[in-house]
Amino acid sequence: MTDVFKALADETRRALLDELAQRDGQTLFELCSRLAMNHGLTSSRQAVSQHLDVLEAAGLVHTERRGRYKFHTIDTAPLAQIARRWNPEGTSP
């Protein structure tokens, strides 16, 4: 769970998750473009790739290679595990 908190601590990684939540299955190029347009973040492709690696290590993003492209998808299961940690019965606060 520590990896999930570390991944969520960074603004760029949260923005990447926001973009994948809006439209899943994006390439690195698409994500870089959307970060610049929607969030004013102009990170290099290498920097965004490193952020995606952190998200993938935390289980928040999965990557699938198709041909010469890698498509990134969001996985919210680790977030649900965090919610269950402090709300095990599933009741509202």
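Values below: all heavy atoms of this structure, side chains included; hydrogens, waters and symmetry mates excluded.
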Practice task
Could you work out the complete set of other residues in the hydrophobic cluster of V54, with links drawn between I, L, V, M, F, W and Y side chains under 4.5 Å apart?
Solution key: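 Other cluster members: none.
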Practice task
Return the set of residues passing salt bridge (charged side-chain N to carboxylate O under 4.0 Å, His left out) with E11 (not counting sequence neighbours), or none when no residue passes.
Solution key: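 If we apply the salt bridge (charged side-chain N to carboxylate O under 4.0 Å, His left out) test to E11, skipping adjacent residues, there are no hits.
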Spacing of [atom1] belonging to [X] relative to [atom2] belonging to [Y], to within rounding of 0.5 Å:
X	Y	atom1	atom2	value
T27	F71	OG1	CZ	6.5 Å
E19	H72	CD	NE2	13.5 Å
Q22	N38	CD	CG	6.5 Å
H51	L31	NE2	CG	12.0 Å

Handout entry: Candidates D75, D24, T73 - the one meeting side-chain hydrogen bond (donor to acceptor under 3.5 Å, both in side chains) with H62
Key =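 With H62 as partner, side-chain hydrogen bond (donor to acceptor under 3.5 Å, both in side chains) holds for just one option, D75.
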Between [X] and [Y], which heavy-atom pair has the shortest distance, and what is it?
X	Y	value
S43	A47	CB-CB, 4.1 Å
A57	D3	O-OD2, 4.0 Å
A58	A7	CB-CB, 3.9 Å
E30	G25	OE1-O, 4.2 Å

Exercise for the section: May I ask you to test the R85-Q81 pair for a side-chain heavy-atom distance under 4.5 Å? Expected result: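 No; the side chains remain at least 4.5 Å from each other.
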Handout entry: L20 side chain reached by Q26 side chain, heavy atoms, under 4.5 Å
Key =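 Answer yes - side chains close enough.
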Handout entry: Qualifying residue for side-chain contact (heavy atoms from CB on, under 4.5 Å) with I74, from L55, D18, L17, L79
Key =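 Answer after filtering L55, D18, L17, L79: L17.
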Practice task
Say whether L16 and Y69 are linked into one hydrophobic cluster, either directly or through other cluster members, by side-chain heavy-atom distances under 4.5 angstrom.
Solution key: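 No, separate clusters.
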Exercise for the section: Assess whether atom CZ of F5 is packed by more than 12 heavy atoms of other residues, nucleotides or ligands within 6.0 Å. Expected result: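 Yes, because the 6.0 Å sphere around CZ of F5 holds more than 12 heavy atoms from other groups.
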Handout entry: Backbone of L8 reached by a side-chain donor or acceptor of R14 within 3.5 Å
Key =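 Confirmed, R14 side chain pairs with L8 backbone.
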Exercise for the section: Answer yes or no: is there a donor N or O on one side and an acceptor on the other, between the side chain of S49 and the main chain of R45, under 3.5 Å? Expected result: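 No, the answer is negative, given that no donor and acceptor are paired below the 3.5 Å cut-off.
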